[in-house]
*Asks:* 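Can you read through this structure? Questions will come right after.
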Amino acid sequence: QQQVKQSPQSLIVQKGGISIINCAYENTAFDYFPWYQQFPGKGPALLIAIRPDVSEKKEGRFTISFNKSAKQFSLHIMDSQPGDSATYFCAAKNAGSYQLTFGKGTKLSVIP
Amino acid sequence: DAGVIQSPRHEVTEMGQEVTLRCKPISGHNSLFWYRQTMMRGLELLIYFNNNVPIDDSGMPEDRFSAKMPNASFSTLKIQPSEPRDSAVYFCASSLTGGVGYGYTFGSGTRLTVV
(Lines give C-alpha, C1' and ligand atoms only; values in the text may rest on other atoms or scores of the structure.)
Protein backbone atom coordinates (compact mmCIF):
# COMPACT_ATOMS: atom_id res chain seq x y z
CA GLN A 1 0.00 0.00 0.00
CA GLN A 2 1.17 3.52 -0.74
CA GLN A 3 -0.79 5.31 1.99
CA VAL A 4 0.71 7.42 4.70
CA LYS A 5 -1.74 8.20 7.51
CA GLN A 6 -1.19 11.42 9.41
CA SER A 7 -2.72 12.68 12.63
CA PRO A 8 -4.04 14.91 14.03
CA GLN A 9 -5.70 16.99 11.31
CA SER A 10 -5.27 20.11 13.39
CA LEU A 11 -3.34 21.02 16.49
CA ILE A 12 -3.33 24.02 18.79
CA VAL A 13 -0.31 24.48 21.04
CA GLN A 14 0.67 27.27 23.37
CA LYS A 15 3.87 29.18 22.77
CA GLY A 16 6.76 27.32 24.33
CA GLY A 17 4.98 23.98 24.28
CA ILE A 18 5.81 20.81 22.36
CA SER A 19 3.97 20.06 19.11
CA ILE A 20 3.75 16.39 18.13
CA ILE A 21 2.49 15.13 14.77
CA ASN A 22 2.29 11.43 13.99
CA CYS A 23 2.40 9.37 10.81
CA ALA A 24 1.96 5.66 10.12
CA TYR A 25 2.61 3.59 7.04
CA GLU A 26 2.15 0.04 5.81
CA ASN A 27 4.62 -0.27 2.94
CA THR A 28 7.88 -1.71 4.29
CA ALA A 29 9.61 -0.73 1.04
CA PHE A 30 9.57 2.94 2.01
CA ASP A 31 13.16 4.08 2.53
CA TYR A 32 13.03 7.84 3.08
CA PHE A 33 10.70 9.86 5.30
CA PRO A 34 10.69 13.66 4.95
CA TRP A 35 8.57 16.28 6.65
CA TYR A 36 7.40 19.38 4.80
CA GLN A 37 6.18 22.72 6.14
CA GLN A 38 3.70 24.81 4.18
CA PHE A 39 2.69 28.39 4.83
CA PRO A 40 -0.49 29.86 3.28
CA GLY A 41 -0.01 30.75 -0.37
CA LYS A 42 3.30 28.91 -0.59
CA GLY A 43 4.45 25.52 -1.72
CA PRO A 44 5.57 22.90 0.83
CA ALA A 45 9.21 23.25 1.88
CA LEU A 46 11.44 20.43 3.11
CA LEU A 47 11.92 20.70 6.88
CA ILE A 48 13.73 17.57 8.00
CA ALA A 49 14.06 13.97 6.80
CA ILE A 50 15.10 10.58 8.14
CA ARG A 51 16.05 7.16 6.80
CA PRO A 52 14.82 3.95 8.48
CA ASP A 53 18.27 2.93 9.70
CA VAL A 54 18.20 5.59 12.45
CA SER A 55 15.66 6.07 15.22
CA GLU A 56 15.95 9.82 15.69
CA LYS A 57 17.15 12.90 13.89
CA LYS A 58 17.32 16.37 15.38
CA GLU A 59 17.74 19.72 13.67
CA GLY A 60 17.38 22.67 15.99
CA ARG A 61 13.94 22.58 17.58
CA PHE A 62 12.69 19.91 15.16
CA THR A 63 13.10 16.19 15.84
CA ILE A 64 11.92 13.14 13.91
CA SER A 65 11.40 9.97 15.91
CA PHE A 66 11.22 6.78 13.86
CA ASN A 67 9.91 3.40 15.01
CA LYS A 68 10.59 0.86 12.28
CA SER A 69 8.90 -2.08 13.97
CA ALA A 70 5.71 -0.11 14.54
CA LYS A 71 5.94 1.53 11.11
CA GLN A 72 5.42 4.93 12.65
CA PHE A 73 7.28 8.20 12.68
CA SER A 74 6.61 11.53 14.30
CA LEU A 75 7.66 15.16 14.23
CA HIS A 76 8.33 16.95 17.50
CA ILE A 77 8.62 20.73 17.59
CA MET A 78 10.17 21.87 20.85
CA ASP A 79 9.57 25.36 22.27
CA SER A 80 6.87 25.96 19.65
CA GLN A 81 6.63 29.55 18.39
CA PRO A 82 3.83 31.48 16.64
CA GLY A 83 6.04 31.51 13.52
CA ASP A 84 5.78 27.71 13.44
CA SER A 85 2.07 28.03 12.66
CA ALA A 86 1.73 26.25 9.32
CA THR A 87 0.54 23.01 7.77
CA TYR A 88 2.92 20.09 8.17
CA PHE A 89 3.03 17.08 5.86
CA CYS A 90 4.78 13.80 6.41
CA ALA A 91 5.81 11.85 3.34
CA ALA A 92 7.47 8.61 2.32
CA LYS A 93 9.45 7.43 -0.67
CA ASN A 94 9.38 3.94 -2.10
CA ALA A 95 12.79 2.33 -2.64
CA GLY A 96 13.63 2.35 -6.31
CA SER A 97 11.34 5.28 -7.00
CA TYR A 98 11.75 9.03 -6.81
CA GLN A 99 8.17 9.92 -6.00
CA LEU A 100 6.85 10.88 -2.58
CA THR A 101 3.53 9.86 -1.06
CA PHE A 102 2.21 12.54 1.29
CA GLY A 103 0.05 12.41 4.38
CA LYS A 104 -3.08 14.60 4.45
CA GLY A 105 -1.42 17.30 6.54
CA THR A 106 -1.70 18.79 10.03
CA LYS A 107 -2.60 22.42 10.53
CA LEU A 108 -0.61 23.68 13.51
CA SER A 109 -1.57 26.86 15.32
CA VAL A 110 0.78 28.14 18.02
CA ILE A 111 -0.98 30.65 20.24
CA PRO A 112 0.83 33.26 22.37
CA ASP B 1 18.70 30.43 -8.05
CA ALA B 2 15.12 31.68 -8.22
CA GLY B 3 13.68 28.32 -7.24
CA VAL B 4 10.89 26.54 -9.07
CA ILE B 5 8.86 29.08 -11.01
CA GLN B 6 5.22 28.48 -11.81
CA SER B 7 2.85 30.58 -13.87
CA PRO B 8 0.26 31.87 -13.66
CA ARG B 9 -0.20 32.22 -9.88
CA HIS B 10 -3.96 32.38 -10.27
CA GLU B 11 -6.21 31.25 -13.09
CA VAL B 12 -9.95 31.64 -13.33
CA THR B 13 -11.58 30.04 -16.33
CA GLU B 14 -14.95 28.93 -17.52
CA MET B 15 -15.94 25.31 -17.72
CA GLY B 16 -14.99 23.81 -21.05
CA GLN B 17 -12.03 26.08 -21.65
CA GLU B 18 -8.46 24.89 -22.08
CA VAL B 19 -6.06 25.67 -19.25
CA THR B 20 -2.27 25.52 -19.45
CA LEU B 21 -0.08 25.66 -16.38
CA ARG B 22 3.63 26.26 -16.70
CA CYS B 23 6.69 25.31 -14.69
CA LYS B 24 10.38 26.12 -14.82
CA PRO B 25 12.35 23.74 -12.57
CA ILE B 26 15.59 24.54 -10.79
CA SER B 27 18.51 24.45 -13.17
CA GLY B 28 20.35 21.14 -12.90
CA HIS B 29 17.46 19.24 -11.37
CA ASN B 30 16.64 16.12 -13.37
CA SER B 31 13.23 15.18 -11.97
CA LEU B 32 10.01 17.15 -12.16
CA PHE B 33 6.73 16.41 -10.45
CA TRP B 34 3.21 17.80 -10.84
CA TYR B 35 0.98 17.64 -7.75
CA ARG B 36 -2.59 18.73 -7.15
CA GLN B 37 -3.67 19.92 -3.69
CA THR B 38 -7.25 19.99 -2.45
CA MET B 39 -8.74 20.08 1.04
CA MET B 40 -10.41 16.73 0.54
CA ARG B 41 -7.59 14.74 -1.05
CA GLY B 42 -4.46 16.55 0.09
CA LEU B 43 -1.40 16.42 -2.16
CA GLU B 44 -1.82 14.02 -5.06
CA LEU B 45 0.95 13.17 -7.50
CA LEU B 46 -0.28 13.59 -11.06
CA ILE B 47 2.83 12.80 -13.09
CA TYR B 48 6.56 12.80 -12.79
CA PHE B 49 9.37 13.15 -15.30
CA ASN B 50 12.95 12.01 -15.04
CA ASN B 51 15.42 13.48 -17.53
CA ASN B 52 12.44 14.94 -19.45
CA VAL B 53 10.81 11.52 -19.89
CA PRO B 54 7.43 10.78 -18.27
CA ILE B 55 8.01 7.94 -15.82
CA ASP B 56 4.68 7.59 -14.05
CA ASP B 57 1.44 9.25 -15.13
CA SER B 58 -0.88 6.94 -13.23
CA GLY B 59 -2.08 9.87 -11.13
CA MET B 60 -3.41 11.83 -14.08
CA PRO B 61 -7.14 11.75 -13.38
CA GLU B 62 -8.39 11.34 -16.94
CA ASP B 63 -7.66 12.00 -20.57
CA ARG B 64 -8.52 15.65 -20.15
CA PHE B 65 -5.17 16.07 -18.42
CA SER B 66 -1.87 16.01 -20.28
CA ALA B 67 1.67 17.03 -19.40
CA LYS B 68 4.78 17.66 -21.42
CA MET B 69 8.41 18.39 -20.75
CA PRO B 70 10.00 19.41 -24.04
CA ASN B 71 13.32 20.28 -22.40
CA ALA B 72 15.05 20.31 -19.03
CA SER B 73 13.91 23.84 -18.19
CA PHE B 74 10.20 23.79 -18.99
CA SER B 75 7.08 21.73 -18.38
CA THR B 76 3.37 22.26 -18.97
CA LEU B 77 0.23 20.72 -17.52
CA LYS B 78 -2.81 21.11 -19.74
CA ILE B 79 -6.46 20.52 -18.93
CA GLN B 80 -8.83 20.39 -21.87
CA PRO B 81 -11.74 20.76 -21.39
CA SER B 82 -11.67 22.06 -17.83
CA GLU B 83 -14.40 21.22 -15.31
CA PRO B 84 -15.34 22.79 -11.94
CA ARG B 85 -14.00 19.71 -10.10
CA ASP B 86 -10.55 20.53 -11.45
CA SER B 87 -10.45 23.58 -9.16
CA ALA B 88 -7.40 23.12 -6.94
CA VAL B 89 -3.88 24.36 -6.34
CA TYR B 90 -1.43 22.76 -8.75
CA PHE B 91 2.18 22.49 -7.66
CA CYS B 92 5.26 21.74 -9.65
CA ALA B 93 8.33 20.42 -7.83
CA SER B 94 11.81 19.50 -8.97
CA SER B 95 14.65 17.51 -7.47
CA LEU B 96 18.07 16.17 -8.22
CA THR B 97 17.58 12.46 -8.01
CA GLY B 98 20.31 9.92 -7.65
CA GLY B 99 22.02 11.95 -4.95
CA VAL B 100 22.14 11.46 -1.20
CA GLY B 101 18.81 13.08 -0.50
CA TYR B 102 15.51 13.19 -2.30
CA GLY B 103 14.16 16.52 -1.17
CA TYR B 104 11.80 18.21 -3.55
CA THR B 105 11.71 21.95 -4.10
CA PHE B 106 8.16 23.10 -4.72
CA GLY B 107 7.01 26.13 -6.63
CA SER B 108 4.46 28.52 -5.15
CA GLY B 109 1.64 26.85 -7.06
CA THR B 110 -1.12 27.87 -9.44
CA ARG B 111 -4.55 28.31 -7.92
CA LEU B 112 -7.04 27.20 -10.56
CA THR B 113 -10.71 28.05 -10.32
CA VAL B 114 -13.07 26.67 -12.95
CA VAL B 115 -16.51 28.30 -12.89
Side-chain angles (χ1 to χ4, degrees), chain A residues 1-10 21 23-25 27 29-54 57 59 62 64 73 75 86-108, chain B residues 2-10 21 23-26 29-60 88-111:
Chain A
Q1 285 201 4
Q2 295 295 315
Q3 274 191 324
V4 177
K5 295 183 180 179
Q6 183 172 348
S7 63
Q9 273 190 307
S10 62
I21 304 170
C23 283
Y25 63 96
N27 186 351
F30 286 148
D31 67 348
Y32 175 74
F33 301 87
W35 285 89
Y36 282 78
Q37 179 188 55
Q38 184 180 27
F39 293 105
K42 301 291 186 183
L46 179 64
L47 187 63
I48 186 173
I50 197 168
R51 294 188 181 279
D53 53 347
V54 298
K57 183 172 182 180
E59 290 185 2
F62 300 90
I64 301 179
F73 58 110
L75 176 69
T87 300
Y88 292 81
F89 295 91
C90 63
K93 185 191 78 68
N94 204 344
S97 169
Y98 299 132
Q99 61 193 72
L100 293 176
T101 300
F102 285 85
K104 289 288 181 69
T106 297
K107 186 175 182 180
L108 171 65
Chain B
V4 175
I5 300 173
Q6 291 187 245
S7 64
R9 286 299 311 274
H10 302 274
L21 311 181
C23 175
K24 176 178 168 55
I26 289 175
H29 280 189
N30 61 349
S31 286
L32 183 140
F33 307 83
W34 282 100
Y35 278 85
R36 178 171 67 177
Q37 185 176 40
T38 60
M39 289 294 292
M40 289 296 294
R41 301 173 70 93
L43 277 162
E44 300 175 279
L45 177 66
L46 300 177
I47 185 171
Y48 93 90
F49 296 85
N50 187 249
N51 294 321
N52 311 338
V53 177
I55 302 300
D56 185 353
D57 65 355
S58 59
M60 297 286 261
V89 181
Y90 290 81
F91 287 103
C92 173
S94 70
S95 70
L96 178 59
T97 54
V100 176
Y102 299 93
Y104 292 6
T105 301
F106 281 83
S108 294
T110 294
R111 181 175 293 278

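The sequence lines fix the lettering, A, B, ..., with proteins before strands; numbering per chain opens at 1.
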*Asks:* Check whether any side-chain N or O of A:Y36 sits under 3.5 Å from a backbone N or O of B:Y104 as a donor-acceptor pair, and report yes or no.
*Replies:* yes
*Asks:* Relative to chain B, which of A:G41, A:A49, A:G105, A:G43 shows the most heavy atom pairs under 4.5 Å?
*Replies:* A:G43
*Asks:* Could you measure the distance from the NZ atom of A:K104 to the CE atom of B:M40? Nearest 0.5 Å is fine.
*Replies:* 7.5 Å
*Asks:* Given a strict heavy-atom distance threshold of 4.5 Å, which part of B:R111 is in contact with chain A: side chain, backbone, both, or neither?
*Replies:* neither
*Asks:* Once rounded to the nearest 0.5 Å, what's the spacing between atom CG of A:L100 and atom OH of B:Y48?
*Replies:* 10.5 Å
*Asks:* Mind running side chain to side chain contact (heavy atoms under 4.5 Å, CB included) on B:F91 and A:Q38 for me, showing each step along the way?
*Replies:* CA-CA 12 Å; B:F91 287 103; A:Q38 184 180 27; 3.3 Å; yes
*Asks:* With a sphere of 6.0 Å drawn around CD of A:E59, does it hold more than 12 non-hydrogen atoms of other residues, nucleotides or ligands?
*Replies:* yes
*Asks:* Enter the distance from B:S95:OG to A:K93:NZ here, rounded to the nearest 0.5 Å.
*Replies:* 10.0 Å
*Asks:* Would you mind checking which part of A:P34 comes under 4.5 Å of any heavy atom in chain B, side chain (CB onward), backbone (N, CA, C, O), both or neither?
*Replies:* neither
*Asks:* From B:Q37 CD over to A:F89 CZ, what is the distance, rounded to the nearest 0.5 angstrom?
*Replies:* 4.5 Å
